[in-house]
Chemist: 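Questions regarding the structure given below will be posed in turn.
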Amino acid sequence: MQTIVERHPGLTPPDRRAELLREPGFGKVFTDHMAMAWWRDGEWTAPRITPRRPLALDPAAAVLHYAQEIFEGMKAYRTEEGEVLLFRPEVNAKRFARSAERMAMPQVPEALFSAAVEALIRTDRDWIPSGEGSLYLRPFMIATEAFLGVRPATEYLFCVLACPVGAYFKGGAKPVTVWASTTFTRAAAGGTGAAKCGGNYAGSLIAQAEAIRHGCDQVVFLDAAEHRWIEELGGMNVFFLVDGTLITPPLTGTILEGVTRSSLLTLAREEGLKVEERPYDFETLKADAASGRLTEAFACGTAAVVAAIGEVRHAAGAFAIAGGVEGPVTSTLRRRLTDIQRGQAPDPHGWTRRVQL
Ligand SMILES: *Cc1c(COP(=O)(O)O)cnc(C)c1O
């Protein structure tokens, strides 16, 4: 696909870039360019790489009023050989298309999605950290039509940003403490829980704030109907190891289907673990943690990859999981996944895609 490249007239000087890359954190440092395509008159323009700059948006743009917005999150890794690898980008493209459909937005064809992402990586390749870091890519789409009536917009912007990132959790793979919210829910049957849309996050921030107030890192949401079944974290899927069986909640429409989740299910089966996608309720979690049947728990997603859960707090108390230390299955699965992502292990499933630089 033809991509127009408008290079930044004032690139970040190499020494300043090196300084920014030393401790980029997460989502704070951005590269010099971005990718954009517009949906007008029922079709997409060709992708265009431009200098990263503020958007000119009409204040009546539909996204600002009715939140027609979706996004993706993926990473590009620099291998020891200096190649750049994306991890299952076609899965992100397909999920973006499903999110678009749910939010009554036009789908971005996979070819356009890939062309935009890869052209941005190529243009800003000097920003890809080596070692532990990676280049986090944030494709998103917003409704730009200036119109206050309530109906799907007719004009959209598809845009991709890139951020060099370090390790998500400062201080390495320290187990996280999660807050089980019984006040707030994230998604209900028939709602938008399975779509990666900003609105889901807006609605979850108050619960995340509640979690932080209780000294927790993340919130774990229970189902909306019974406040009983464990669904997922604010932005990560969740796994439990009970009697040697790896359990993760099933995709019933209220859970976001993570690329990390699906990859870990495959790797766990390869490790010879019994794996079950089935409902698991909070009372059973408490009982299994108390009896010792629950030996590990972890959350997973592109940004943090795999984060052990060491403690669960809730309105009526708190309990530790496996003494609050990361277990061997959690460590093994993280290692197996990150080795493939970084091109340090064979990739029998063809999950990585090399970016032509
Ligand atoms: C993005 C996201 C995940 C994780 O998905 P990955 O593809 O593994 O990054 C999990 N839950 C929610 C709500 C998300 O938005």
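Remember, it's a predicted structure, so these values are computed and weren't measured experimentally. Indexing begins at 1, ligand by ligand and atom by atom, following the structure's order.
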Chemist: Below 30° counts as parallel, above 60° as perpendicular, anything between as tilted: where do the rings of Trp44 and Phe158 land?
Modeler: perpendicular
Chemist: Could you tell me if the side chain of Asn92 sits less than 4.5 Å from the side chain of Leu86, heavy atoms only?
Modeler: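 Of all side-chain heavy-atom pairs linking Asn92 with Leu86, none is under 4.5 Å.
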Chemist: How would you list, by chain and number, the residues with a heavy atom under 4.0 angstrom from ligand 1?
Modeler: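 The answer is Arg95, Arg186, Lys196, Tyr201, Glu232, Gly234, Gly235, Met236, Asn237, Leu256, Gly258, Val259, Thr260, Gly301, Thr302, counting any residue whose heavy atom sits under 4.0 Å from ligand 1.
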Chemist: If you take the centroid of each ring, where Trp contributes its six-membered ring, are Phe26 and Tyr136 closer together than 6.0 Å?
Modeler: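 Yes, the ring centres sit under 6.0 Å apart.
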Chemist: With sequence neighbours excluded, give me every salt bridge (charged side-chain N to carboxylate O under 4.0 Å, His left out) pair touching residues 319-332.
Modeler: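 Non-adjacent pairs meeting salt bridge (charged side-chain N to carboxylate O under 4.0 Å, His left out): Glu326-Arg334.
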Chemist: Is the shortest side-chain N to carboxylate O distance from Glu257 to Lys94 below 4.0 Å?
Modeler: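 Looking at Lys94 together with Glu257, the answer is no, because their closest N to O distance does not fall below 4.0 Å.
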Chemist: Using atom types as modelled and distance alone, determine if a side-chain donor or acceptor of Gln68 lies under 3.5 Å from a backbone N or O of Ala143.
Modeler: no
